Chemist: 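Would you mind keeping the following structure in view while I ask a few things?
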Number of protein chains: 2
Amino acid sequence: MTALTERKKKILEAVVSNYIETADPVGSRTIARTCRIGLSSATIRNEMADLEEMGYLSQPHTSAGRIPSQKGYRYYVDNLMPPGGPDEEETSAISRSLNADKMREIEQIIISAARVLSSITNHTSLIMGPQYKRSTFRQMRILPLDEKRGLVVLITDTGFIKNKVIELNQSLSPPELQQVVSYLNQKLFGLSIDQVTTSLINELKRDLFRRMELLEQAFILLEESLKEEEQVRVFLGGTTNILNQPEFKDVEKIRRMLSLFEQESLLFKILERNLGKEGVVVQIGTENMVEEINECTLITATYKINNRNLGTVGVLGPTRMDYSRVIGVVRCLVDKLNESLNS
Amino acid sequence: MTALTERKKKILEAVVSNYIETADPVGSRTIARTCRIGLSSATIRNEMADLEEMGYLSQPHTSAGRIPSQKGYRYYVDNLMPPGGPDEEETSAISRSLNADKMREIEQIIISAARVLSSITNHTSLIMGPQYKRSTFRQMRILPLDEKRGLVVLITDTGFIKNKVIELNQSLSPPELQQVVSYLNQKLFGLSIDQVTTSLINELKRDLFRRMELLEQAFILLEESLKEEEQVRVFLGGTTNILNQPEFKDVEKIRRMLSLFEQESLLFKILERNLGKEGVVVQIGTENMVEEINECTLITATYKINNRNLGTVGVLGPTRMDYSRVIGVVRCLVDKLNESLNS
DNA sequence: TATTAGCACTCTAGAACGGAGAGTGCTAAC
DNA sequence: GTTAGCACTCTCCGTTCTAGAGTGCTAATA
């Protein structure tokens, strides 16, 4: 793996940036003309042949221009890419959309973020909703609704609020209920939701059971309301943006992409894998290890609440995307999102 | 507008059902062969020419077969359509998916309904989430979170639970807060959320203000948490199903449909217009009065909780759809949904 | 009078063809 | 090492042609 000469770098950079812009295979003549490198097309042809042999470029067919290979994009992102990002107007659009009406509901903020991200990048955005499991138990309440039912409210340190209607054991008097609830609050406070596992609950149950024999029912319910929270939502923005990309003019490809978007659990896995990685992560083509998006690039970053990695935001588009710009936008958005969520 | 002869009805029925099945314009020969009406293709040709003149059929071009016009479909639905609906297996699939784990969260049930509806019909399903405004106020609680913030919980008779984090006025002591809350509960109980308008709140505020002068803050917050609820969610299922329809093999059409699906408020308007209409409503082509779905048929029905019309469920597909089947499925689904929500 | 057989006509979809244009690789000259 | 020149390849796009399906009309038939 020898390093590229300066000239090869220049040419590779020219091919990639040109192809990003036009989506057409780029020929030697084009490069000779556009970037005023003092070389003839023939020389460039030779260099391009080299670059192809080394795996940075490829040819759709003889007598077409070259397009970057996955390796070519990777080299571009790692070494050649110019700095870029949102301009002031876009930056302030991001800020505005996240702070509008100083909304307090996390979900609203996330949806808003997905929307602005897709509209600025012109790609599809995906944002993993905050992960409940990584939060810390803060308090629990039970509100009686009527004779038979009650509302369990769980609150975490990250502002997550979960409620669930439960059947109440009739034999529980309000004061008894109150007693259980405050006992639980005391015991569970500060534990991460992950730690509030079934086994811990069982332990508590045994402990409490000795003193108050009526309350089994209540525990089953707490257990249930925690268990169910496994599923985390993924919010999408601009799913139709892929239709604007010339590489998706084939209905069959569109179908595959869109049906991917309907599989929330798969999207979740894709995003979760990048949860907690430092900075902005770029996964080009097969690097993301998911067959359905082998022809796409995924750019992700992790957002935090209370200094915990709670979720991932990402942009999905064709490998031919404006890397420097999108990377800059994602970075900007995550920063603002962190500000907004931690204020 | 003279009535159709028996023979014309038979032929129209044959054209429509044939076209629904094959998506190809149907010719006179086909009809002469398939439905064993004792007539030659020439006779059928004459009758079809009549039907075209009367507006029930149309021709994509000379020397193609006929396809039903909007008027033709309408006549078919009103007069000719055979009975149809889900088979036993599908019926039980609907039941199962709505009762699974006897889930109590309305939203979960609705999502589940959207999913099963689209998978059985092979079309896109849209379901309007339950309309908050049409519910009745049941009770309100305020849980203190920390020194500065509290959680307002509103509960309606239809099982709708809304919570919102609010800034608490420091000068409110817990007992004072409690007093306000119970006052409000007493005053608002049983009113429809629609009735709890800003003006009523203002009135209460004046009333209460005389007695307790510190609590203005609390009212602003109640007001806010009600106001925000305007937006109602629309849940979609099977949005990619339209890609399977041959009438949507054009990328441009797909784009228009899909971007319609991203406009939740428009979808909401479409569904809301049919809220409360009796039975299953079929709107063919331009009948639905929305330009974006002029080439589609929308089949809707209203579901209820506590005997109130809370939301609309619908199926959207090309005008060429299996009417009797889809109508039957929608009817079945709404019945089960009502059972499930009111149990 | 209603129905049918026959036939000429129309229109589309798809295959076959051909030329223009873009780009390449190679060779020989600079 | 670089460049000019040239033959070659491949795609794209418009044209032409044919097969096939279906029609409308006319004349014969029951």
Side-chain angles (χ1 to χ4, degrees), chain A residues 2 4-12 14-16 18-19 21-69 72 246-247 249-251, chain B residues 2 4-12 14-16 18-19 21-69 72 246-247 249-251:
Chain A
T2 65
L4 295 181
T5 64
E6 269 323 297
R7 204 166 69 177
K8 281 198 173 59
K9 286 185 190 175
K10 250 188 191 147
I11 290 174
L12 179 55
V15 173
V16 176
N18 211 298
Y19 184 64
E21 198 176 337
T22 65
D24 283 324
V26 14
S28 52
R29 250 183 74 88
T30 319
I31 291 185
R33 264 186 294 113
T34 57
C35 73
R36 52 183 161 299
I37 193 177
L39 292 171
S40 76
S41 64
T43 312
I44 294 176
R45 267 204 292 287
N46 286 327
E47 294 285 44
M48 281 164 82
D50 287 351
L51 284 168
E52 179 169 2
E53 206 174 344
M54 297 162 88
Y56 294 102
L57 297 178
S58 71
Q59 246 179 333
H61 55 85
T62 9
S63 95
R66 301 307 209 287
I67 63 177
S69 67
E247 31 268 278
K249 64 177 201 276
D250 171 25
V251 180
Chain B
T2 65
L4 295 182
T5 65
E6 269 324 297
R7 203 166 69 179
K8 281 200 173 58
K9 286 185 191 175
K10 251 188 191 146
I11 291 173
L12 178 56
V15 173
V16 176
N18 211 297
Y19 184 65
E21 198 176 336
T22 64
D24 283 324
V26 13
S28 52
R29 248 182 76 87
T30 319
I31 291 185
R33 265 186 293 112
T34 57
C35 74
R36 52 181 162 298
I37 193 178
L39 291 173
S40 77
S41 65
T43 312
I44 294 176
R45 269 205 291 285
N46 286 328
E47 293 286 43
M48 280 164 81
D50 287 352
L51 284 167
E52 179 170 2
E53 205 174 345
M54 297 160 89
Y56 294 102
L57 297 178
S58 71
Q59 247 177 330
H61 56 85
T62 8
S63 95
R66 301 308 209 287
I67 64 177
S69 66
E247 31 269 277
K249 64 178 200 279
D250 172 23
V251 179

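The sequence lines fix the lettering, A, B, ..., with proteins before strands; numbering per chain opens at 1. None of the values given here were measured: they were computed from a predicted structure.
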Chemist: Show every salt bridge (Lys or Arg N to Asp or Glu O under 4.0 Å) that has at least one partner inside residues 22-34 of chain B, sequence neighbours left out.
Modeler: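 Those involving residues 22-34 of chain B do not exist here.
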Chemist: What is the distance, rounded to the nearest whole Å, between atom CD1 of B/Ile31 and atom P of D/dG22?
Modeler: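 The distance from CD1 of B/Ile31 to P of D/dG22 comes to 11 Å, rounded to the nearest Å.
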Chemist: Show each protein N/O and nucleotides 28-30 of chain C N/O combination with a separation under 3.5 Å, one pair to a line.
Modeler:
none

Chemist: Assign a letter to each nucleotide of nucleotides 2-12 of chain C from its 5' end: B, base within under 4.0 Å of a protein heavy atom; S, sugar-phosphate only; -, no contact.
Modeler: -SBBB---BBS
Chemist: Return the value, rounded to whole Å, for the distance between atom CD1 of A/Ile67 and atom P of C/dG23.
Modeler: 14 Å
Chemist: Tell me: CZ of A/Arg66 to P of D/dT9, nearest whole Å?
Modeler: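 Going from A/Arg66 (CZ) to D/dT9 (P), I get 17 Å.
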Chemist: Whole Å only: how far is the CG atom of B/Asp24 from the C1' atom of D/dG20?
Modeler: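 It works out to 14 Å between those atoms.
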Chemist: List for me each residue that meets salt bridge (Lys or Arg N to Asp or Glu O under 4.0 Å) alongside A/Glu6, sequence neighbours excluded, and say none if there are none.
Modeler: A/Lys9
Chemist: Only pairs under 3.5 Å count here: list side-chain donor-acceptor contacts from residues 40-49 of chain A, not counting sequence neighbours, and write none if there are none.
Modeler:
from	atom 1	to	atom 2	distance (Å)
A/Ser40	OG	A/Ala42	N	3.3
A/Ser40	OG	A/Thr43	N	3.4
A/Ser40	OG	A/Thr43	OG1	3.3
A/Arg45	NH1	A/Ser28	OG	3.3
A/Glu47	OE1	A/Lys8	NZ	3.0
A/Glu47	OE2	A/Arg7	NE	2.7
A/Glu47	OE2	A/Arg7	NH2	2.8

Chemist: Nearest whole angstrom, please: distance from the C1' of C/dG21 to the CZ of A/Arg29.
Modeler: 12 Å
Chemist: Rounding to a whole Å, what distance do you find between B/Leu57:CG and D/dG22:C1'?
Modeler: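 Whole-Å distance recorded here is 14 Å.
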Chemist: Could you list the residues that satisfy side chain to side chain donor-acceptor pair (under 3.5 Å) with A/Glu52, not counting sequence neighbours?
Modeler: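 Partners of A/Glu52 under the side chain to side chain donor-acceptor pair (under 3.5 Å) test: A/Arg66.
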Chemist: Expressed as a whole number of angstroms, how long is the span from A/Glu53:CD to C/dT24:P?
Modeler: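 A/Glu53 atom CD is separated from C/dT24 atom P by 16 Å.
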Chemist: Only counting residues at least two apart or in another chain, list the ones meeting side-chain contact (heavy atoms from CB on, under 4.5 Å) with B/Ser58.
Modeler: B/Ile67
Chemist: What pairs with B/Glu21 under side chain to side chain donor-acceptor pair (under 3.5 Å), at least two apart in sequence or on another chain?
Modeler: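 So B/Glu21 forms no side chain to side chain donor-acceptor pair (under 3.5 Å) with any residue.
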Chemist: State which residues pass side chain to side chain donor-acceptor pair (under 3.5 Å) with A/Gln59; sequence neighbours excluded, sorted by chain then number.
Modeler: none
Chemist: Are any side-chain N or O atoms of B/Thr34 and backbone N or O atoms of B/Thr30, one a donor and one an acceptor, separated by less than 3.5 Å?
Modeler: yes
